[in-house]
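Sequence lines set the chain letters: A, B, ... in the order given, protein chains first and strands last, and positions in each chain run from 1. This is a predicted model, so every value here is computed, not measured.
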Number of protein chains: 2
Amino acid sequence: MVDHSVGKNVNQVVDSGKAIPDTPGFELPLLLFGAFRTLIDRLHARLAEEGHPDLRPAHGFAMQAIGTGGATASEVGRRLGVSKQAAGKTVDRLLALGYAERTDDPHDARRKLVRLTPRGRAALHRSAELFDELRAEWSAALGPDRVRDLEHALRTVVPRETAFRLDAGTWLSGA
Amino acid sequence: MVDHSVGKNVNQVVDSGKAIPDTPGFELPLLLFGAFRTLIDRLHARLAEEGHPDLRPAHGFAMQAIGTGGATASEVGRRLGVSKQAAGKTVDRLLALGYAERTDDPHDARRKLVRLTPRGRAALHRSAELFDELRAEWSAALGPDRVRDLEHALRTVVPRETAFRLDAGTWLSGA
DNA sequence: CGGAATGGTCAACCATGTTGTCGATCTTAC
DNA sequence: GTAAGATCGACAACATGGTTGACCATTCCG
């Protein structure tokens with residue numbers, strides 16, 4: 001696997017004002033993704049233990065998009081950056097798993113409001129708690145300041161809207 | 001969308017040795033993923049401009065797994081953490097796009113060596129350069145030290161093997 | 001030699017995404 | 001008040017990429 005043997009973190013050498021390349025750039029995305037993945041994997045491992053074995057990362061994002069107040073499939077789609085059809089399918093999945101329910105909107109016969117079930121709300125709430133715990137673990141391992149700085153750094157470098165897009169599956173593969 | 005209104009980055013307040021929660025934990029994965037995504041998106045935007053519009057993130061990972069020396073589909077599968085069949089399909093895709101080629105292994109009639117075509121090698125090489133450029137941009141925006149510390153922090157927090165797994169698509173969704 | 005591993009491929013199936021179409025239902029402009 | 005337009009949800013067809021399971025060919029090894 002690559003074996004460019006980035007190895008022991010070759011430290012940068014600043015020579016005469018000119019920086020010698022330290023870490024190859026391709027490590028950055030790998031680390032970012034690895035970190036993301038680690039967090040999500042651990043979250044779902046815990047959730048699975050606690051009675052949500054069928055919940056997948058994508059579902060968490062979708063539930064987040066539905067929110068406590070409920071939303072229509074189209075809205076969910078817009079929030080997640082996918083088509084309303086795709087959002088509809090995800091909602092179907094959530095329905096089947098018992099995390100959401102669909103109700104008619106009395107004010108607009110076209111719309112069907114998707115709401116989280118108590119189980120859905122519980123899972124969402126628990127996820128938030130677990131993420132806090134996970135962050136606390138990182139704080140313990142790295143020191144609170146470094147975690148904060150990491151967040152701050154990332155926040156300045158990633159465009160605000162980018163975070164929540166959830167066409168992730170397709171985005172990685174191809175469409 | 002959540003609207004816990006994390007807003008302006010509520011700074012932590014340390015009171016009497018007890019830390020008041022600053023950033024909600026769920027921001028961390030979002031930032032991590034957003035950062036990853038930003039990097040990859042920009043890479044592929046550039047690659048597309050430079051004549052590789054059909055290259056998807058997944059292909060980059062696969063080519064990385066094939067490496068300069070070539071590999072069999074099974075090996076690719078192992079490196080990427082997916083089944084040999086899945087790896088085979090991805091290789092097929094790469095073949096169709098002209099980034100790889102399949103040749104028989106003279107030493108072992110079972111194996112079929114997958115090798116990158118010149119075009120594939122060029123794309124891989126260019127990707128490495130672009131990643132370096134992207135990293136340099138981050139260094140300019142954040143300061144080289146912060147980027148290095150970010151990498152260092154992530155490296156201590158993500159298990160070594162996690163980085164390269166590329167069942168990512170499925171991993172996010174459900175399988 | 002002959003059985004176990006290994007490599008590649010086929011087939012069926014799942015989960016997600018996409019586009020296009022369509023009927024039903026607001027909304028808005030005349 | 002009504003007709004044109006926008007929006008919502010759903011269906012269908014299709015692409016990707018992942019999974020298992022089954023099979024055959026080949027190689028390795030006792």
Handout entry: salt bridge (charged side-chain N to carboxylate O under 4.0 Å, His left out) between B:Arg135 and A:Glu27, intermediate numbers included
Key = CA-CA 9 Å; B:Arg135 203 195 101 111; A:Glu27 285 245 319; over 6 Å; no
Exercise for the section: Would you sort out whether A:Asp149 and A:Arg146 count as a salt bridge (charged side-chain N to carboxylate O under 4.0 Å, His left out), showing the intermediate values? Expected result: CA-CA 5 Å; A:Asp149 188 60; A:Arg146 291 178 76 202; over 6 Å; no
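Between the CG atom of A:Leu80 and the C1' atom of C:dT16 there is a distance of 12 Å, given to the nearest Å. Distance B:Asp105 CG to C:dG8 P: 9 Å, rounded to the nearest Å. In this structure, B:Leu94 atom CG and D:dG17 atom C1' are separated by 13 Å, rounded to whole Å. Taking atom CG of residue A:Asp54 and atom P of nucleotide C:dA15, one finds them 10 Å apart after rounding to whole Å.
Under the side chain to side chain donor-acceptor pair (under 3.5 Å) criterion, A:Asp92 pairs with A:Arg102, not counting sequence neighbours. By the side chain to side chain donor-acceptor pair (under 3.5 Å) test, B:Asp54 is found to be paired with no residue, residues two or more places apart in sequence or in another chain being considered. Here A:Arg111 pairs with A:Glu75, A:Asp105 under the salt bridge (Lys or Arg N to Asp or Glu O under 4.0 Å) rule; sequence neighbours left out.
Checking the phosphate oxygens (OP1, OP2) of D:dG21, no side-chain nitrogen or oxygen of B:Ser83 falls inside 4.0 Å. Checking the phosphate oxygens (OP1, OP2) of D:dT16, no side-chain nitrogen or oxygen of B:Arg56 falls inside 4.0 Å. Within the 4.0 Å cut-off from OP1 or OP2 of C:dC26, not a single side-chain nitrogen or oxygen of A:His107 is found.
Under a hydrophobic-cluster definition in which Ile, Leu, Val, Met, Phe, Trp and Tyr are linked whenever side-chain heavy atoms come within less than 4.5 Å, directly or via other members, A:Leu94 and A:Leu113 are assigned to different clusters.
Within the structure, the salt bridge (charged side-chain N to carboxylate O under 4.0 Å, His left out) test picks out the following pairs touching residues 121-130 of chain B (sequence neighbours left out): B:Glu50-B:Arg126, B:Arg126-B:Glu129, B:Arg126-B:Glu133.
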Fill in the blank from the handout: Quick tally for nucleotides 4-14 of chain D: nucleotides whose base has a protein heavy atom under 4.0 Å get B, sugar-phosphate-only ones S, the rest -, giving --BBBBBB-B-
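Residue A:Ala86 is in base contact, counting any heavy-atom pair closer than 4.0 Å across all strands shown.
Looking only at side-chain heavy atoms (C-beta outward), A:Leu134 and B:Phe26 stay at 4.5 Å or farther from each other. Residues A:Thr90 and A:Val76 form no side-chain contact, since every pair of their non-hydrogen atoms from C-beta on lies 4.5 Å or further apart.
Inter-axis angle, ends of the helix from C:dC1-D:dG30 to C:dC30-D:dG1, five pairs per end, rounded to 10 degrees: 20°.
Of the candidates C:dG17, D:dT27, D:dT19, the closest approach to any side-chain atom of B:Ala109 belongs to D:dT27.
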